[in-house]
Amino acid sequence: MNESDPRYTIAPGAEEARDETGRDEAAREPMPIVYLNEIERHYQQGESMLHILAGANLALWPGQSVALVAPSGAGKSTLLHIAGLLEHPDDGEVYLDGVATSGLSDAERTQIRRIEIGFVYQSHRLLPEFTALENVMLPQMIRGLARKEAARRAGELLAYLGLRDRVMHRPSELSGGEQQRVALARAVANAPRVLLADEPTGNLDPQTAEHVFSALTQLVRATRVAMLIATHNLELAGRMDRRVTIRDRQIVELE
Ligand code: ADP
């Protein structure tokens with residue numbers, strides 16, 4: 001992004017968010033990676049309007065994991081899509097690194113998504129005809145990395161996530177937990193600043209969910225990515241740095 005572009009402005013919420021974290025921390029991390037400011041989202045449903053978010057605010061910080069815990073239909077996917085620049089809010093602003101994104105073209109948003117944002121879904125969404133290694137190489141090659149370098153990085157990431165012996169397997173030859181860890185490696189292949197996950201352990205048995213969750217927290221610590229995970233798993237949510245929910249169309253911190 002070009003910060004001298006007049007369309008980009010510094011997030012007004014950055015100052016408030018900084019005060020909550022304390023001065024020392026602020027010296028190292030002056031602003032959140034993602035700041036959702038007064039977000040509004042509604043959907044037309046027949047004659048009526050369904051209001052999902054209104055005046056919703058959320059700051060995501062580097063190296064911090066945030067659980068988004070709310071009932072089905074509350075708007076978790078909507079929030080993740082807005083934070084990931086997949087969907088436009090009806091009002092409010094999404095700041096990435098303090099830079100407003102609403103004025104960006106679709107091409108610019110796509111480019112930012114490729115580099116800065118990683119997504120993990122409930123089902124792995126890996127390409128079935130490619131190996132684990134190739135699935136993790138692809139986003140890097142789309143970004144412009146040479147095949148050899150992409151393969152090296154993909155191999156390293158998969159090994160880091162305990163999949164050294166599985167790199168040449170196709171998704172159908174992997175267990176659910178292994179598939180999800182490959183999906184995780186793919187999501188962070190371009191070293192994003194933000195990792196967004198929608199029920200990433202929702203399809204897994206408790207022990208496998210634990211493996212995938214450990215991999216996620218390991219990645220947050222190692223890469224200082226900012227992570228927002230929608231989850232129904234209260235036990236896993238309890239082990240994350242922060243918990244938030246959607247209440248009365250706003251984002252509220254849980255204790
Ligand atoms: P969650 O992820 O918490 O289950 P969602 O964000 O998927 O919730 O959806 C929130 C509400 O918005 C649901 O009632 C859903 O039916 C509605 N909704 C989501 N997307 C659309 C859409 N494109 N058009 C109309 N309604 C939608």
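The basis for the numbers below is simple: all heavy atoms, side chains too, and nothing from hydrogens, waters or symmetry mates. Here, residue 1 is the first one in the sequence, and each next residue gets the next number. Computed from a predicted model, the values in this text were never measured in an experiment. Counting starts at 1 for both ligands and their atoms, following the listed order.
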Would you call [X] and [Y] a salt bridge, taking side-chain N to carboxylate O under 4.0 Å as the test?
X: Lys76; Y: Asp198; value: no
X: Arg152; Y: Glu149; value: yes
X: Arg170; Y: Glu129; value: no

Is there a donor-acceptor contact under 3.5 Å from the side chain of Thr101 to the main chain of Val94?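 Here the side-chain-to-backbone pair exists.
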Please answer whether the main-chain N or O of Arg114 pairs with a side-chain N or O of Asn190 as donor and acceptor at a distance below 3.5 Å. yes
Test side chain to side chain donor-acceptor pair (under 3.5 Å) applied to Arg243 - qualifying residues, sequence neighbours left out: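 None.
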Write down, by chain and number, every protein residue that brings a non-hydrogen atom to less than 4.0 Å from an atom of ligand 1. Tyr43, Gln45, Leu50, Ile52, Pro71, Ser72, Gly73, Ala74, Gly75, Lys76, Ser77, Thr78
